[in-house]
2 protein chains.
Amino acid sequence: MAPLRQHIEEIAPLTDAEFDQVQSFFTLKKVRKHQYLVNEGDEVKYEYLVLSGIYRVFYVDDQGKEYIVQFAKAGWWMSDYEAFFKQGKASMFIECLVAGEVFYATLDAREQLSKELHQMEHFFRVKLTNGYVAQQQRIKLLLSSTPQQRYEAFARLYPDLLQQVPKKLIAEYLGVSRETLSRLYAG
Amino acid sequence: MAPLRQHIEEIAPLTDAEFDQVQSFFTLKKVRKHQYLVNEGDEVKYEYLVLSGIYRVFYVDDQGKEYIVQFAKAGWWMSDYEAFFKQGKASMFIECLVAGEVFYATLDAREQLSKELHQMEHFFRVKLTNGYVAQQQRIKLLLSSTPQQRYEAFARLYPDLLQQVPKKLIAEYLGVSRETLSRLYAG
DNA sequence: ATTATCGTGTGATTTGGATCACACGGTTTT
DNA sequence: AAAACCGTGTGATCCAAATCACACGATAAT
């Protein structure tokens with residue numbers, strides 16, 4: 001649980017007693033490659049904090065095409081957040097691409113911890129603030145940029161993922177076809 | 001200031017004393033049509049809570065094309081949030097489309113109120129949660145949908161804006177050309 | 001060892017939407 | 001009242017990226 005504490009304390013310092021309380025809401029889980037943490041149609045009981053490994057949060061349209069909403073690596077949170085927050089059914093899948101470990105916790109954990117510990121509400125607010133800004137940048141990119149620019153932005157932001165993730169999946173994240181993406185760094 | 005109180009208390013009840021404290025950070029401002037609240041390059045000192053009127057948050061690319069990141073109407077918050085949170089220069093404009101009034105406050109206000117009043121930190125967390133989910137839906141739409149589907153989703157979500165805002169601007173929000181949008185409901 | 005499957009590159013063809021161009025009625029301006 | 005501008009529709013053309021198709025080496029499966 002030490003990494004959990006460190007992760008939180010980068011934003012919100014906690015006493016030992018407080019961290020014990022936090023800790024009690026989180027469970028550690030090992031995840032194998034190709035394992036799914038969430039499937040479309042599931043109740044989304046948990047959100048996940050990645051300790052290690054790589055994951056993709058994606059959905060599938062009626063024609064079977066896949067679109068990646070989020071990658072996740074160490075230190076990132078992930079879930080089908082729409083379903084998680086509204087406690088509805090998943091419209092997305094979460095798949096493990098590289099084996100690793102995650103912490104998971106319920107919405108109740110988030111809400112109770114936020115209520116009982118002002119520090120934890122602060123922590124979640126700061127995380128959401130960062131996530132909000134990151135998503136807004138993504139929206140701007142999707143609205144106005146060429147495949148070229150999207151690829152460059154991705155390479156700048158996530159050089160590590162560029163190495164570890166098949167290009168096909170990067171294309172699914174960028175909203176570009178596999179072939180077009182391939183031609184970007186060839187030409 | 002009554003509408004401000006009501007707006008906050010939908011999420012986080014406050015005592016009179018607490019609200020006084022909150023209130024002291026907000027200022028009311030009348031806004032005329034075509035008035036700009038933020039210009040590209042500005043220091044973004046404020047975020048805005050809309051009381052009335054309609055506003056657009058947009059940016060302009062190197063070719064002069066405009067893209068709308070957000071519309072805002074009564075009860076919505078707006079700013080160039082990336083610049084606001086990071087206290088950097090604006091990359092966007094905020095323009096008033098229909099005259100009205102806004103409250104505004106600084107980042108300091110948000111941070112201090114969050115620190116001093118657990119309730120306010122809760123309020124902001126809930127707002128960010130909703131904003132995060134809404135943005136994620138937008139990302140999904142931009143990634144996978146046709147102009148047709150985007151238009152339909154917009155019409156479903158914001159039937160009022162569809163009436164009050166020129167189609168050209170709706171096209172800029174959807175990431176579609178004016179002409180294509182026009183042909184959607186003709187065909 | 002041989003056969004699938006996966007990741008990737010690359011050519012040929014198609015196509016949806018952007019762009020360009022113009023029309024026309026409704027406001028606002030002078 | 002004439003002139004300029006705005007919002008909107010619509011036809012013609014163009015083009016960037018999707019789609020279709022195939023190749024080929026590398027990894028995984030039988």
Side-chain angles (χ1 to χ4, degrees), chain A residues 32-36 54-56 58 60-68 71 93 95-99 140-155 158-187, chain B residues 32-35 54 56 58-68 71 95-99 140-155 158-187:
Chain A
R32 299 183 318 281
K33 190 170 176 176
H34 295 133
Q35 189 177 346
Y36 281 64
I54 301 181
Y55 308 80
R56 67 194 262 243
F58 71 101
V60 183
D61 72 12
D62 34 349
Q63 275 124 125
K65 279 188 63 177
E66 300 183 358
Y67 302 88
I68 294 177
F71 287 111
F93 301 85
E95 182 193 2
C96 175
L97 301 175
V98 172
K140 288 170 76 174
L141 222 57
L142 288 174
L143 268 179
S144 63
S145 68
T146 63
Q148 178 80 258
Q149 295 170 309
R150 292 184 202 184
Y151 174 75
E152 283 162 10
F154 187 90
Y158 314 116
D160 48 343
L161 291 180
L162 206 59
Q163 305 303 111
Q164 297 180 264
V165 169
K167 313 289 187 206
K168 183 194 155 208
L169 297 185
I170 291 172
E172 286 175 16
Y173 179 88
L174 298 179
V176 169
S177 75
R178 210 204 86 229
E179 294 91 333
T180 297
L181 182 62
S182 165
R183 284 184 250 262
L184 288 183
Y185 33 78
Chain B
R32 299 181 321 280
K33 189 171 177 176
H34 294 133
Q35 188 176 349
I54 300 182
R56 68 194 263 245
F58 70 103
Y59 64 103
V60 183
D61 72 11
D62 33 350
Q63 275 125 125
K65 281 189 62 177
E66 301 183 357
Y67 302 89
I68 294 176
F71 286 112
E95 181 192 4
C96 174
L97 301 174
V98 172
K140 289 171 75 174
L141 221 58
L142 288 174
L143 267 180
S144 63
S145 67
T146 63
Q148 178 80 259
Q149 294 171 309
R150 293 184 201 185
Y151 174 75
E152 284 163 9
F154 186 90
Y158 315 115
D160 48 342
L161 291 181
L162 207 59
Q163 305 303 112
Q164 297 180 264
V165 169
K167 312 289 185 203
K168 183 194 154 210
L169 298 184
I170 292 172
E172 287 175 15
Y173 179 89
L174 297 179
V176 168
S177 75
R178 211 204 85 229
E179 294 92 332
T180 297
L181 183 63
S182 165
R183 285 184 249 261
L184 288 182
Y185 34 77

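Chain letters run A, B, ... following the sequence lines, proteins first, then strands; residues in each count from 1.
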- Message: What is the distance, to the nearest angstrom, from the CZ atom on B/R150 to the P atom on C/dG17?
- Response: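 Between P of C/dG17 and CZ of B/R150: 9 Å.
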- Through what angle, rounded to 10 degrees, does the axis of the helix from C/dA1-D/dT30 to C/dT30-D/dA1 turn between its ends, using five pairs per end?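 Roughly 40° between the end axes, to the nearest 10°.
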What residues form a side chain to side chain contact (heavy atoms under 4.5 Å, CB included) with [X], not counting sequence neighbours?
X      : value
A/K168 : A/E172, A/R178
B/K33  : none
A/A153 : A/L141, A/R156

Identify all pairs in which a protein N or O lies below 3.5 Å from an N or O of nucleotides 16-18 of chain D, and state each distance.
{"from": "D/dA18", "atom 1": "OP1", "to": "A/S177", "atom 2": "N", "distance (Å)": "3.2"}
{"from": "D/dA18", "atom 1": "OP2", "to": "A/S177", "atom 2": "N", "distance (Å)": "3.2"}
{"from": "D/dA18", "atom 1": "OP2", "to": "A/S177", "atom 2": "OG", "distance (Å)": "2.8"}
{"from": "D/dA18", "atom 1": "OP2", "to": "A/T180", "atom 2": "OG1", "distance (Å)": "2.4"}

For [X], salt bridge (charged side-chain N to carboxylate O under 4.0 Å, His left out) partners two or more places apart:
X      : value
B/R150 : none
B/E66  : B/R56
B/D62  : none

- DNA chain C contacts among residues 158-173 of chain B, heavy-atom distance under 4.0 Å: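 Hits under 4.0 Å, by residue number: none.
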- Would you say C/dT8 has OP1 or OP2 under 4.0 Å from some side-chain N or O of A/Y185?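 For A/Y185, the contact criterion (side-chain N or O under 4.0 Å from OP1 or OP2 of C/dT8) is not met.
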- Item | Results of ring-ring contact (aromatic ring centres under 6.0 Å, His included) for A/Y67 - residues two or more places apart only |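 If we apply the ring-ring contact (aromatic ring centres under 6.0 Å, His included) test to A/Y67, skipping adjacent residues, the hits are A/Y59.
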- ring-ring contact (aromatic ring centres under 6.0 Å, His included) against A/F71, all qualifying residues, sequence neighbours excluded: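 For A/F71, the residues satisfying ring-ring contact (aromatic ring centres under 6.0 Å, His included) (neighbours in sequence not counted) are A/Y173.
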- Item | Listed partners of B/E152 passing side chain to side chain donor-acceptor pair (under 3.5 Å), at least two apart |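 So B/E152 forms no side chain to side chain donor-acceptor pair (under 3.5 Å) with any residue.
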